[in-house]
*Asks:* 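Here you go, one structure.
As the structure lists them, so they are numbered: ligands from 1, and atoms in each ligand from 1. We're numbering straight along the sequence, starting at 1.
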Amino acid sequence: MAKKPSAPNNTKPATIHDQKATRGNGGELHQIAEGDTPVLTTAQGGPVADDQNSLRAGERGPTLIEDFHFREKIFHFDHERIPERVVHARGYGVHGFFETYESLAAYTRADLFQRPGERTPAFVRFSTVAGSKGSFDLARDVRGFAVKIYTKEGNWDLVGNNIPVFFIQDAIKFPDVIHSVKPEPDREFPQAQSAHDNFWDFISLTPESMHMIMWVMSDRAIPRSFRFMEGFGVHTFRFVNAKDESTFVKFHWKPKLGLQSVVWNEAVKINGADPDFHRRDMWQAIQSGNFPEWDLHVQLFDQDFADKFDFDILDPTKIIPEEVLPTKPVGRLVLDRMPENFFAETEQVAFMTQNVPPGIDFSDDPLLQGRNFSYLDTQLKRLGSPNFTHLPINAPKCPFQHFQQDGHMAMRNPVGRVNYQPNSWGEGPRESPMKGFRHFPSEEQGPKLRIRAESFADHYSQARQFFISQTPPEQRHIADALTFELSKVETPVIRERMVAHLLNIDETLGKKVGHALGLETMPKPADAAVATRQDLDPSPALSIIQRGPKRFEGRKLGILATDGADGALLDALIAAVEKEKAAFELIAPKVGGFTASDGKRIAAHQMLDGGPSVLYDAVVLLPSAEAVTDLIDVATARDFVADAFAHCKYIGYAGAAVPLLERAGIAELLDEGTIELTDAASAAAFLTEIGKLRVWGREPSVKLK
Ligand code: HEM
């Protein structure tokens with residue numbers, strides 16, 4: 001029998017620990033607007049009385065279609081999603097500014113490069129390429145480094161990557177390379193991974209990708225932080241000055257905190273422990289006021305240099321080594337503010353290579369030319385209306401006037417009678433041959449052809465140059481990465497084909513990977529359009545390890561502590577970390593914290609299970625002699641130590657931690673990277689020492705693959 005309806009929802013006061021609320025008829029909680037608390041409304045502004053219950057016929061009856069609040073709320077929720085980016089779907093944006101160091105008027109009339117010390121607002125989005133929006137941060141992948149600078153003459157988007165070359169030479173191959181790396185279409189896996197047949201099948205049939213492959217298999221593809229990576233505009237662009245003279249330019253972002261990557265075994269574990277590792281790192285840096293900075297460097301050259309350079313400056317699979325053409329710092333990028341809303345800013349930001357202010361122009365690089373079509377095209381699909389420039393994150397910050405109008409979601413519309421030009425009303429904006437963008441009048445001629453220039457045909461020489469520029473640990477990592485990736489390829493002939501390419505790059509590398517894959521016979525080197533040059537000098541600038549930081553600044557120390565931990569030593573360590581402008585986290589058996597030897601109760605940042613050592617750049621073991629007897633039986637405590645050691649990290653330890661070192665199997669292996677801490681002086685010395693970040697000499701004995 002139907003229950004008798006009770007009159008409007010009767011509520012009674014309820015207290016849930018610290019929260020005062022009211023309880024409704026069915027036991028549900030209501031928080032009621034009182035005092036200055038704003039009243040909840042519908043999107044139309046109508047005040048809402050009850051947001052916990054839909055309108056129904058009778059207490060237990062069906063929901064009524066008359067319930068406009070319910071319908072509006074569900075309707076809006078149903079339409080919350082927009083398509084994710086077709087590439088670079090997972091990303092993280094940050095606001096900041098660009099500051100010019102010196103006037104570049106001799107090279108470019110771009111307004112932002114005219115006045116030293118002038119700051120221009122900027123927004124940067126870092127990303128991975130292959131994974132979907134919800135994938136993990138430490139995928140082995142290229143990182144996007146897209147910069148939007150809101151100049152006084154319109155937005156300049158430098159849509160770059162953390163790798164200065166690309167897989168392909170012509171944009172017509174972009175859908176193919178991306179299809180090949182994305183999950184295979186019949187099975188929809190693997191997610192955010194290049195380790196599968198389709199990718200290596202395509203690559204092994206695309207020799208122009210070999211230079212990029214060396215970079216993608218290097219530590220560049222597993223950066224420790226967005227803050228510790230370089231960015232590159234990749235293509236050759238042009239600067240054009242007020243006299244309409246052109247200078248070729250390549251753009252490089254160099255992080256002030258130096259370069260740093262993780263090792264593969266660590267990356268795999270970070271993805272499990274904290275899939276948001278990179279975005280959390282950026283969030284924490286900005287929130288704690290440690291604003292990351294990059295210098296913008298340029299390589300400037302003219303046509304004579306381009307004609308004499310060994311490779312085609314229009315080929316995006318080539319670099320100009322810094323040792324051949326030094327870079328010059330021209331400004332800095334500082335990131336200092338998180339978006340207020342991820343969707344509004346990071347998700348809706350629309351970068352386009354075609355967004356260049358007067359004074360910056362394109363070269364004929366066929367990849368860049370294709371990109372200039374693709375970005376505008378994709379934004380319409382992704383953002384749903386040609387009015388995406390009306391979104392605050394995409395709108396210029398300089399005055400702008402045009403006659404574009406209407407369309408879905410038009411927020412800004414022409415005022416007055418005139419919406420065309422020329423007009424005789426004397427209203428509205430007019431063109432300016434002097435101030436307006438003038439395309440550099442390069443002379444182009446030749447028959448219409450579908451052809452790749454012969455000057456693009458050397459696919460191996462710079463791949464070799466990259467490889468021989470790496471330190472031994474970095475070369476090992478490249479060989480291990482190739483072996484790992486190709487071991488996931490199920491079709492043996494694809495593995496062999498790749499080894500045939502590697503033999504052209506470096507015979508030792510090819511053989512090492514071939515043996516590690518268990519090839520019974522080594523293939524012949526691949527047929528090369530142009531033989532690999534053996535005479536290119538190594539470029540030390542290409543090595544991360546040689547360009548690492550000298551200090552621990554900006555890095556994070558993990559301190560494993562228990563009840564009875566040496567309070568004085570802990571205080572000294574924390575003081576040393578802060579002096580170094582580094583960060584730390586305390587990891588303890590219980591997140592509630594521990595009581596140090598001096599009786600101080602200290603909250604932990606992480607419980608042991610949630611704070612594995614892969615999340616830190618170096619670790620300290622600070623158990624008490626009593627607590628360590630329990631700790632040695634805990635698998636996560638042993639992993640904490642064993643992983644830190646295997647990943648070549650510095651380990652500081654109090655004497656009481658020795659049983660833990662023993663149980664983790666490293667007591668016999670202690671080296672210059674395992675340092676006993678006794679007092680404030682040793683804590684300070686430890687912080688200096690760990691500026692070296694890793695003990696690479698340990699790696700061959702650890703034999704971590
Ligand atoms: C040097 C080569 C390239 C670099 C450095 C590069 C870089 C990037 C970056 C950083 C993003 C993410 C932008 C963001 O954070 O919103 C992106 C997105 C994208 N790229 Fe590229 N890309 C390259 C080549 C290409 C090519 C050849 C095409 C197509 C012909 C292309 C099409 C796209 C598309 C469609 C998006 C999604 C844009 C969006 O939905 O907002 N890219 N690219």
*Asks:* Show the nearest heavy-atom pair for residues R464 and I505, with the distance to one decimal.
*Replies:* NH1-O, 3.0 Å
*Asks:* What residue and atom, counting heavy atoms only, is the protein's closest point to atom 41 (O) of ligand 1, and at what distance?
*Replies:* R382 NH2, 3.0 Å
*Asks:* Against heavy atoms of F351, which atoms of ligand 1 measure under 4.0 Å?
*Replies:* 13 (C), 14 (C), 15 (O), 16 (O)
*Asks:* Would you check, one step at a time, whether the test ring pair (Phe, Tyr, Trp, His ring centres under 6.0 Å) holds for F437 with H439?
*Replies:* CA-CA 6 Å; F437 188 95; H439 291 265; 4.8 Å; yes
*Asks:* Below 30° counts as parallel, above 60° as perpendicular, anything between as tilted: where do the rings of F226 and F126 land?
*Replies:* parallel
*Asks:* So, is Q379 polar-close to ligand 1, with some N/O to N/O distance under 3.5 Å?
*Replies:* yes
*Asks:* Can you see whether Y150 has K397 sitting over its ring - NZ or CZ less than 6.0 Å from the centre and within 45° of the normal?
*Replies:* yes
*Asks:* Could you list which atoms of ligand 1 come closer than 4.0 Å to a heavy atom of V86?
*Replies:* 35 (C)
*Asks:* What I'd like to find out is whether the side chain of K318 reaches to under 4.5 Å of the side chain of Q169, using heavy atoms alone.
*Replies:* yes
*Asks:* Going by the angle between their ring planes, with limits at 30° and 60°, are F362 and F237 parallel, tilted or perpendicular?
*Replies:* tilted
*Asks:* Closest non-hydrogen protein atom to atom 10 (C) of ligand 1, residue and atom name please, with distance?
*Replies:* G160 O, 3.2 Å
*Asks:* Tell me the protein heavy atom at minimum distance from atom 16 (O) of ligand 1, and give that distance in Å.
*Replies:* R85 NE, 2.7 Å
*Asks:* Of all the non-hydrogen atoms in the protein, which one sits nearest to atom 15 (O) of ligand 1, and at what distance?
*Replies:* R125 NH1, 2.6 Å
*Asks:* When you check the gap from the basic side-chain N to the acidic O, do R90 and D276 get nearer than 4.0 Å?
*Replies:* yes
*Asks:* Tell me how many protein N, O or S atoms are within a distance shorter than 2.8 Å of atom 21 (Fe) of ligand 1.
*Replies:* 1
*Asks:* Angle between ring planes, W253 versus F145, binned at 30° and 60°: parallel, tilted or perpendicular?
*Replies:* parallel
*Asks:* Tell me the protein heavy atom at minimum distance from atom 38 (C) of ligand 1, and give that distance in Å.
*Replies:* T378 CG2, 3.6 Å
*Asks:* If you count the atoms of ligand 1 from 1 in the order shown, which ones are under 4.0 Å from a heavy atom of L367?
*Replies:* 1 (C), 2 (C), 27 (C)
*Asks:* Angle class for the H402/F400 ring planes (parallel below 30°, perpendicular above 60°, tilted otherwise)?
*Replies:* parallel
*Asks:* Can you find an N/O atom of S127 closer than 3.5 Å to an N/O atom of ligand 1?
*Replies:* no
*Asks:* When you measure from the centre of the six-membered ring of W294, is the NZ or CZ of R332 closer than 6.0 Å and no more than 45° off the axis?
*Replies:* no
*Asks:* Within a radius of less than 6.0 Å around CZ of F373, do more than 12 heavy atoms belonging to other residues, nucleotides or ligands occur?
*Replies:* no
*Asks:* What atoms of ligand 1 come within less than 4.0 Å of a heavy atom belonging to H235?
*Replies:* 1 (C)
*Asks:* Residue-level breakdown please: for N161 versus ligand 1, do any non-hydrogen atoms fall below 4.0 Å on the side chain, on the backbone, on both, or on neither?
*Replies:* both
*Asks:* Centre of F232's six-membered ring, under 6.0 Å away, within 45 degrees of the axis: is that where NZ or CZ of K250 sits?
*Replies:* no
